[in-house]
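What follows is a set of notes on a single structure, which appears directly below.
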There are 2 protein chains.
Amino acid sequence: MSDSPVLMPLPLAGEPASERSDAVRNRAALLCAAQQLVAENGVDAVTMDDVAARAGVGKGTVFRRFGSRAGLMVAVLDQSEAHWQAQVISGPPPLGPGAPPWERLEAFGRSRLETTITHGDLLRAAGAAGSRSSPATSFVVQHVHHLLLELGVTGDVRLLATALMAPLEIELLDALRTKGIDVERILHGWLDLARRIVSGC
Amino acid sequence: MSDSPVLMPLPLAGEPASERSDAVRNRAALLCAAQQLVAENGVDAVTMDDVAARAGVGKGTVFRRFGSRAGLMVAVLDQSEAHWQAQVISGPPPLGPGAPPWERLEAFGRSRLETTITHGDLLRAAGAAGSRSSPATSFVVQHVHHLLLELGVTGDVRLLATALMAPLEIELLDALRTKGIDVERILHGWLDLARRIVSGC
DNA sequence: GTATCAACCGGACTTCAGTCCGTTTCACTC
DNA sequence: GAGTGAAACGGACTGAAGTCCGGTTGATAC
């Protein structure tokens, strides 16, 4: 059983804890149940009723907490990616800090590509919610934005960062791999794209 | 009522017409019904039962022909985009042939962006099937690939073409616009990206 | 301790996408 | 123009997402 601490949505010291204690308990139980069921049976086999039953709560509660199946999957995903994000923020170089920015960018692209493929099922189940409002995506764009600035890229750098990460979205990777293009080639293509963005002109 | 001719899947002269006549009739009727219902009530309000009823066929038939709701939406979309594709292939420059390749690429990006936003609901309903196996996407990548070659881009040009179009997918546009980034800025960002790819270095 | 009420809970209910299989129709042959 | 079989048809059925609302509980005030 996964007993890793559930990521709290920043209970800032003085604030009037926006969630009631039973709600917090249920959120954690649901997330844990969902993680287990995904691990046991695969994403596609997990139903909302299953999750509710395993967590010992009613189905309505699942939807109040996570809004939809996609929303629940986003939450599960965010937990799964916490470790990866930690590696980027404070792990060893070249993925973590310490290496020159270009090397970090290379490592980041490679690592992101692998992570995306690993979590493919979860990302597909998260759907638009996954690429849209997930903290995970904000983090990715934020980090690339930062590296591009360090590399001296000028212009609308935030948009360039977004555009650079777009080809690594799961839908596109699925499409390319279905056409027989392997991961190595995709990575080379991405590095080429990154080089062209950084070179500027 | 839309009475534009349904796009036939190439009934090549000598081949043993792979679809029975009733199947062909029903495909056309279903596509027409779907188009009407989408126009009348919006994509989200259209159910498969509605479409079947309007076309005067059973529900099973809808699924045999189009596989899923997403598949049906892809088919509707392909018809809606036929006119646009014709403009690109044989319309007036700079979108159509005749203008220098860079100008064509600029016009293509602008036009694609507008088309994607216009067909947003349909594209979202088409989901992964929309970005993956749709003839529409093949066409887009194919065309950009061609223009990049004319512009002297070297390397894995097909992958670069795919990467260049990735930031114009509806999910990403939705995310950016939700954050308050307007279409004009997105277009500028895209043009900058295109310039960097073409400049090479 | 008790009153109050907003937030939360549960699980029956509704709505649809997608499946299944007995029946019908088309196309082709003799 | 009757026979034949593969393909297509239809609509009842299934399973899961998402909604609703009467009942419950936790936090706060006094």
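Just so it is clear: chains get the letters A, B, ... in the order the sequence lines come, proteins before strands, and each one is counted from 1.
- Under the 3.5 Å distance criterion, the side-chain polar atoms of B/Trp190 are matched with a main-chain donor or acceptor of B/Leu164.
- Using a 4.0 Å cut-off between charged nitrogen and carboxylate oxygen, B/Asp192 and B/Arg195 count as a salt-bridge pair.
- In this structure a side-chain-to-backbone donor-acceptor pair under 3.5 Å is present from A/Arg104 to A/Val88.
- The distance from atom CG of B/Leu30 to atom C1' of D/dA8 is 12 Å, rounded to the nearest whole Å.
- Of the residues in residues 62-72 of chain A, those lying under 4.0 Å from DNA chain D by heavy-atom distance are A/Phe63, A/Ser68, A/Arg69.
- A sub-4.0 Å separation between OP1 or OP2 of C/dC8 and a side-chain N or O of A/Asn26 is absent.
- Formation of a donor-acceptor pair under 3.5 Å by the B/Thr115 side chain with backbone atoms of B/Ser111 is found in this model.
- In this pair, B/Trp84 and B/Phe139 present their aromatic rings perpendicular. The plane angle is above 60°, beyond the 30 to 60° band.
- Look at B/Thr61 and you won't find any side-chain N or O under 4.0 angstrom from OP1 or OP2 of D/dA8.
- Contact check for B/His188 versus A/Leu159: no side-chain heavy atoms found under the 4.5 Å cut-off.
- The aromatic rings of B/His146 and B/His143 lie tilted to each other, with the angle between the two planes from 30° to 60°.
- Looking at B/Asp121 and B/Arg124, a side-chain N of the basic residue comes within less than 4.0 Å of a carboxylate O on the acidic one, giving a salt bridge.
- Between the NZ atom of A/Lys59 and the C1' atom of C/dT15 there is a distance of 11 Å, given to the nearest Å.
- In this structure, B/Leu173 and B/Leu113 have side chains that are in contact, with non-hydrogen atoms separated by less than 4.5 Å.
- Of the residues near DNA chain C, B/Arg25 and A/Gly56, the one whose nearest nucleotide (by heavy atom distance) lies more toward the 5' end is A/Gly56.
- Listed for the B/Arg69 side chain is a donor-acceptor partner under 3.5 Å among the backbone atoms of B/Val46.
- Within a heavy-atom distance below 4.0 Å of DNA chain C, no residue of residues 42-49 of chain A is found.
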Protein N or O to nucleotides 27-30 of chain C N or O, pairs below 3.5 Å:
unit_1: C/dA27; atom_1: OP1; unit_2: B/Ser21; atom_2: N; d: 3.1
unit_1: C/dA27; atom_1: OP1; unit_2: B/Ser21; atom_2: OG; d: 3.0

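- In this entry the distance linking CZ of A/Arg54 with P of C/dG10 reads 17 Å, nearest Å.
- Put simply, the side chain of A/Val38 does not reach to within 4.5 Å of the side chain of A/Gln35, judged on heavy atoms.
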